Chemist: 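Below you will find the structure I want to go over with you.
Just so it is clear, the model here is predicted, and its values are computed rather than measured. Residue numbering restarts at 1 for every chain, and letters A, B, ... go by the order of the sequence lines.
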Amino acid sequence: MKHVFLIDGSGFIFRAYHALPDSMKRPDGTVVNAVYGFTAMVLKLLADTDADHIAVIFDRARKTFRSDIYPEYKAHRPPAPDDLIPQFELVREATRAMGLKAVDMEGYEADDLIATYARQAREKGAQVTIVSSDKDLMQLVGDGVVMMDAMKNRMIGPDEVFEKFGVGPDRVIDVQALAGDSSDNVPGVAGIGVKTAAELINTFGDLEGVLSNAHTIKQPKRREKLMEQADNARISKQLVTLCQDVPVDVPLDDFDVVRPDVNLLLAFLKEQDFKSLFAKVAALGLSIGDNGNAKVSVASGGLSGVPPSVAPILEPLPAVQFELVQSEAALAAWIAEAQDAGLVAVDTETTSLNAMSAALVGVSLCVTPGRACYIPLAHKGPQAQGGFDFGDGADSPAQGAPEQIPLKRALELLKPLLENPGVLKVGQNIKYDMVVLSRYGVNIAPVDDTMVISYVLECGQHGHGMDELARLHLDYETIKFKDVAGTGKAQVTFDLVDLDKALDYAAEDADVTMKLYKRLKPRLASEHMNTVYETLERALIPVLVQMEREGIKVDATELKRLSDDFAKRLGDLEIEIHTIAGEPFNIASPKQLGEILFDKMGIQGGKKGKTGAYATGADILEGLAAEGHELPARVLDWRQLAKLKSTYTDALINQINADTKRVHTSYSMAGTSTGRLASSDPNLQNIPIRSEEGRKIRKAFIAEPGHTLLSADYSQIELRLLAHVADIEQLKKAFHADLDIHAMTASEVFGVPLEGMDPMVRRRAKAINFGIIYGISAFGLARQLDISRGEASDYIKAYFERFPGIQKYMDDTKAFAAEHGYVTTLFGRKCHVGGINDKNPMVRGFSERAAINAPIQGGAADIIKRAMVHLPGALAEAGLSARMLLQVHDELIFEVSDSELDATRTLVKAVMESAATLDVPLVVDVGIGANWDDAH
DNA sequence: AAGATCACG
DNA sequence: GACGTACGTGATCTTC
């Protein structure tokens, strides 16, 4: 006995069940997805392993000895799904068909049997591999025992255990005893998670060390909880400790690998209708190797030249099958399959990242993970590149264009599927595909989005692009766009990519999307994020599609006039600046400007920054200008105009869509760490408003003739949310009384009467209020108000004395973030914050401020998203034709027919104000005007 | 690609 | 006692 494989059969079943679609059925209707996943995985293991003893171990009944210790243990687990129950017996059958022993025992969990056999094997000097990813088995790792996560194809040794628990395998049970486990109902100690538990165990050695030293722990809450709940921790330790001496019936020796009866195996595979597995086993001429320890091998003539005992004959089992669809018949077959399954992953290939100007090039579909197709629709022949474009490559067969279904015909076939309310379409950033296809008359619904699901689950932890998600969740490197389309100057649009390359790339996108969906969707429910996803994010997708399609009208003539005006004034300023400097230089270069100011002209003021360059930010230049220096003042003027010209007037003119004559932004749903949207291409969330010059640009955003722009913005929404979530009585009263909140703060903090208040005093209070939302620091406030840090410190102190509830709210928020790694908004959105426990005080401080800000900023984002979801229906129901065009964090812009102005105004205000019910009223200010500036 | 700067909430 | 910070974005330009 050299190497023993202990396979966690029960773990396998559940993972396979959730990873694979329940549309996998035998002809008799029995769902066999878990059986298939289990069988495929074990066959693959058999082909790869050098083990001489193998067992598959299962749970038997729900009641085990742990229920006697603690009746709640695993008590709240929902019963197994109906379509999974019949599969338990089939999996045992599969095990036997593969020539392996299936083991279980009344009163014990599979984990206990695994622990017992692992100990016995070690005593006989054998190596042990536990095939499972269950964290409860990690306590067994080390000293000749490793775990293997078969689905991720990853070995788990002591290092991986440490990564997971923050302690070595020998202390895993101590950490679990403290942290508990909500999925198994192991109580642990309330408020202590894995992170804290590991820290405690590392400090005091083991559980008893922690409990006997509990009274010395500094954090008062933690100390109390530990002392109160010591018994819970001891019970938890009993629950998580695996029993290593189960009186097993089947001796370890019985697990020696024997010849599987191939006929039995083939019969079983046939009965389950596993065609691909059957074909692989049969076609390879599977037979019995007899080289001492071989399990499954290839008969002579199977794979010539491959040593039978090591031939991975069943590799690659999960090989992907991609099909190029070039005929209507083939397309019809895919559509029928998707129709039957009720679920299909969809992806479109186009000529551009801009959904409003992209031309459709092809569509890919995936119904079953591992099988996908690509339907090319507008690919051109090799000669097309650089040649003359006839406009509609799909209908006019360009020279050498490949065989494709005509675009129009393919869309006719796809439309019923993509619009079928009974078929769920899954995409990765499907808003893009929806916008593109809507321009071709296809309105995809209903939809799910893996990018958005990932964002709801893990916002702030990482990006949510497909490449990153595939790497993270599937341990898979996707083909990069650059690899098929080239890079730099040689890059081509997708319609010029060869079909074989296009197939690999495009079909993979649909396949990966489906795999991600299988993996991520169940987590929404198990992690209680379904409501956030469904009501806040998923419902918003079609709303944003509509907004992006609408766009907004801009006055190109006016923008051009502005641009010319700016150009002229920039020219004049440039001459003036160069004259003052005594030499020409690039005013846009901070480096050159710094050298002119501080070296050549000898103005006192220092270097800064890691790069060694002089700082020349607006604050610095303003300081110099105030000292009477002419050049910095002119540079500030120049910068303002240069910014407005390049970023706004010129860029906006270029962004006007040729078809619609309007400007269409794109909203990013998974870009921010707080739940806000972001806008790009162009960014319409940062159109100037604060300066007089800048407002001229805003005036160029206009309504169609007979229409008016309507702007509705939430008044003080973040401070209102703060008053609500931190439960601050004075603030809530002030909002109920509709007081000037900054003046009220000034009066409270500085003790001055509201009547005849000095505007400067109010300004200071306003800065404090904003600072609070940002996670105030004396340094930040001092800089904002240009006062000393001491003075800023005094203000903050005075503020917290008047509003002790805010201090408590901030401390609680930081503590929650430090414990869990995330904070939540009022509506349940999670915002993860990294670095909250970092040793570096600066990094930590940054995270703490982000943690304080996120629930407020994110809560406001939730509220406006709710309003946006409700508004289209409310408008339609009221018979109003107003179109929602833009969102700017706390503001919505509509284009309204003049005749409906009053009714729309009333309705929009009402819907937005009732988007949430807080302890304070939500107030929306509405303005109207011929342009966006006047609407404010 | 990174950094500086500046437009917005 | 020193460090060096207000929160969240995107676009443009220069520099490397």
Side-chain angles (χ1 to χ4, degrees), chain A residues 459-460 585-594 608-622 635-636 638-652 654-655 665-668 671-691 693-695 697-698 713-718 722 767-785 789 792 796 823 831 833 835 839-858 860-861 864 886-892 932:
Chain A
C459 160
F585 69 100
N586 186 347
I587 305 166
S589 162
K591 185 167 172 277
Q592 293 179 33
L593 175 64
K608 253 216 260 177
K610 312 130 206 175
T611 54
Y614 290 114
T616 67
D619 46 349
I620 305 271
L621 297 189
E622 273 160 21
V635 170
L636 283 168
W638 185 92
R639 277 195 183 158
Q640 186 193 20
L641 294 182
K643 177 81 170 181
L644 294 176
K645 180 173 188 297
S646 68
T647 308
Y648 298 104
T649 55
D650 294 356
L652 278 172
N654 287 325
Q655 288 277 0
T665 186
S666 171
Y667 289 103
S668 156
T672 71
S673 56
T674 55
R676 271 191 182 179
L677 296 175
S679 156
S680 64
D681 307 299
N683 182 352
L684 295 185
Q685 288 180 324
N686 70 346
I687 300 303
I689 190 169
R690 293 173 187 169
S691 75
E693 291 296 335
R695 292 169 88 112
I697 288 163
R698 206 165 263 246
D713 70 289
Y714 283 106
S715 161
Q716 305 287 6
I717 190 168
E718 295 192 338
L722 178 70
I768 296 174
N769 276 335
F770 275 103
I772 292 296
I773 289 167
Y774 295 153
I776 200 153
S777 75
F779 183 91
L781 185 63
R783 201 164 67 111
Q784 183 66 33
L785 288 176
R789 239 161 80 184
I796 295 171
V823 291
C831 306
V833 282
K839 282 193 280 289
N840 182 336
M842 199 175 81
V843 174
R844 194 171 60 244
F846 187 80
S847 294
E848 287 173 351
R849 292 192 296 273
I852 289 167
N853 175 256
I856 303 170
Q857 189 183 118
I864 198 167
L886 302 176
Q887 187 248 46
V888 192
H889 308 310
D890 64 358
E891 172 188 14
L892 293 172
W932 193 359

Chemist: Using whole Å, report how far CG of N853(A) lies from C1' of dC7(C).
Modeler: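 After rounding, the gap between these two atoms is 4 Å.
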Chemist: Please tell me which of the listed nucleotides, dA11(C), dG9(B), dC13(C), lies nearest to the side chain of I689(A)?
Modeler: dG9(B)
Chemist: Does the base of dG4(C) carry an N or O that pairs as donor and acceptor with the side chain of R789(A) under 3.5 Å?
Modeler: yes
Chemist: What is the separation between atom CH2 on W932(A) and atom P on dA7(B), rounded to the nearest whole Å?
Modeler: 16 Å
Chemist: How many Å lie between CD1 on I697(A) and C1' on dC6(B), as a whole number?
Modeler: 13 Å
Chemist: Between N586(A) (CG) and dA4(B) (C1'), how many Å, whole number?
Modeler: 13 Å
Chemist: Please determine whether a side-chain nitrogen or oxygen atom of R849(A) lies at a distance below 4.0 Å from atom OP1 or OP2 of dC7(C).
Modeler: yes
Chemist: Provide, to the nearest angstrom, the distance between the CG atom belonging to D681(A) and the P atom belonging to dA7(B).
Modeler: 20 Å
Chemist: When the P atoms of dA6(C) and dT5(B) are compared, how many Å lie between them, rounded to an integer?
Modeler: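 The answer is 13 Å between these two P atoms.
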Chemist: Please evaluate the base of dG4(C) for a donor-acceptor partner in the side chain of R783(A) within a cut-off of under 3.5 Å?
Modeler: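 Such a pair does not exist between side chain and base.
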Chemist: Is any side-chain nitrogen or oxygen of S673(A) closer than 4.0 Å to OP1 or OP2 of dT9(C)?
Modeler: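 Indeed, a polar side-chain atom of S673(A) lies that close.
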Chemist: To the nearest Å, give me how far apart CG (N654(A)) and P (dA11(C)) are.
Modeler: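 My rounded result for the distance is 14 Å.
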Chemist: It should be established whether Q592(A) places a side-chain nitrogen or oxygen under 4.0 Å from OP1 or OP2 of nucleotide dT15(C).
Modeler: yes
